[in-house]
Amino acid sequence: MQADLRNVSEIKRLFDEAENTFGKVDILVNTAGTMLKKPAAEVEEDEYDQMFNIHTKTAFFLMSEAAKRVQDGGRIVNISTTLTSVTTGLYSVYAGAKAASEQFVKMIAKEIGSRGITVNSIAPGPLNTSFFYPVENDHPIDYLKHMSVHNRLGEISDVLPAIKFLTSPEAGWVTAQNIRVNGGMF
């Protein structure tokens, strides 16, 4: 199933299709995102709007729709970024938009927690993915590798165990949390 998640009606359609196909929705993992690395003084309005549209608006309305549709005892996981907890330049709009989604996690967890639904956020550090490389070059990549206690970038396989745990029945007492999975970088 595909949808333009920047459009709320598309988010609703995606949930409709999931319910029609599977009968119910138990888990939402929001991985939607795009990157912008640029000095704040150079960010254009359309770039700002794009960052907040995908990382803030999309995250909010995905979690809002999930709050209505995820079955009791279900799980919601939003992917954020470790950049929300560090002081660095060039990522102000990206990190700022992701920070808002971390706050939504806390508030929505409180609103639907009585139904046994957990809502959490995972904040990975830099990952060795096609998402990361278009905005980076060798110097910052080497620096970030050395920031990790393992002297490498993370892999998706490093993040998956955290997602697996947070979406499991055993994670019922873990909610409204932002878990950093970053190899000890920050």
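In this structure, the side chain of D158 does not engage the main chain of G154 through any donor-acceptor pair within 3.5 Å. No donor-acceptor pair under 3.5 Å is formed between the side chain of N30 and the backbone N or O of M63. T56 places no side-chain N or O within donor-acceptor distance of the main-chain N or O of N53, the cut-off being under 3.5 Å. When atom types are taken as modelled, the side chain of T21 and the backbone of E17 share a donor-acceptor pair closer than 3.5 angstrom.
The two residues A109 and T175 make their nearest non-hydrogen contact at CB-OG1, 3.6 Å.
Under a 4.0 Å N-O distance rule, the pair E47/K38 qualifies as a salt bridge. The residues D49 and K57 are annotated as not salt-bridged, no charged nitrogen and carboxylate oxygen being separated by less than 4.0 angstrom. Here R69 pairs with E65 in a salt bridge; the nearest charged N to carboxylate O distance falls below 4.0 Å.
You'll find the side chain of L83 stays beyond 4.5 Å of the side chain of K98, heavy atoms only. Side chains of V77 and I122 form a contact here, defined as non-hydrogen atoms less than 4.5 Å apart. Inter-residue side-chain proximity for V70 and R75 is flagged as unmet; no heavy-atom pair is nearer than 4.5 Å. The shortest distance between side-chain heavy atoms of F104 and N78 does not fall below 4.5 Å. Considering only heavy atoms from C-beta on, W173 stays 4.5 Å or farther from T118 through its side chain. Between N151 and K145, the closest side-chain pair of non-hydrogen atoms is not below 4.5 Å. M185 has its side chain within reach of P126: a pair of non-hydrogen atoms, C-beta onward, lies under 4.5 Å apart.
Under the 4.5 Å side-chain heavy-atom criterion for ILVMFWY residues, a single connected hydrophobic cluster contains both Y143 and M35. Under a hydrophobic clustering in which Ile, Leu, Val, Met, Phe, Trp and Tyr are joined whenever their side-chain heavy atoms come within less than 4.5 Å, directly or via other members, I11 and I79 fall into different clusters. Residue V105 is grouped with residue V25 when hydrophobic side chains (ILVMFWY) are merged at heavy-atom distances under 4.5 angstrom, including chains of intermediate members. At a threshold of 4.5 Å between side-chain heavy atoms, the hydrophobic network of Ile, Leu, Val, Met, Phe, Trp and Tyr places L127 and F165 in one connected group. Residues V86 and L153 fall within the same hydrophobic cluster, defined by Ile, Leu, Val, Met, Phe, Trp and Tyr side chains chained together at heavy-atom separations under 4.5 Å.
Counting heavy-atom neighbours within 6.0 Å of K110 NZ, excluding the residue itself, gives a total of 12 or less. Around CG of D138, the count of heavy atoms belonging to other residues, nucleotides or ligands within 6.0 Å does not exceed 12. Within a 6.0 Å radius of CG in L160, more than 12 heavy atoms belonging to other residues, nucleotides or ligands are found.
Side-chain atoms of Q177 and N120 include no donor-acceptor pair closer than 3.5 Å. Between the side chains of S80 and E102, a donor-acceptor pair is found at a separation under 3.5 Å. At a cut-off of 3.5 Å, with distance as the only test, a side-chain donor of S168 or E170 sits close to an acceptor on the other residue.
H55 contributes atom NE2, which lies 6.0 Å from atom OG1 of T34 (distance to the nearest 0.5 angstrom). Going from atom NZ of K106 over to atom CD of Q103 covers 5.0 Å, rounded to the nearest 0.5 Å. Interatomic distance, CD of E10 versus CZ of F61, reported as 14.5 Å (0.5 Å rounding). The distance from atom CG of L14 to atom CG of L5, rounded to the nearest 0.5 Å, is 6.5 Å. Between atom CD1 of residue I117 and atom CG of residue D26 there is a gap of 10.0 Å, rounded to the nearest 0.5 Å. Distance check, rounded to the nearest 0.5 Å: CD1 of I141 to CZ of R152 gives 15.0 Å.
For the side-chain hydrogen bond (donor to acceptor under 3.5 Å, both in side chains) criterion with S121, the lone passing option out of N178, T81, T84 is N178.
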### Task
Take L36 and Y48 through the test side chain to side chain contact (heavy atoms under 4.5 Å, CB included) and record every step on the way to the result.
CA-CA 9 Å; L36 178 66; Y48 177 93; over 6 Å; no

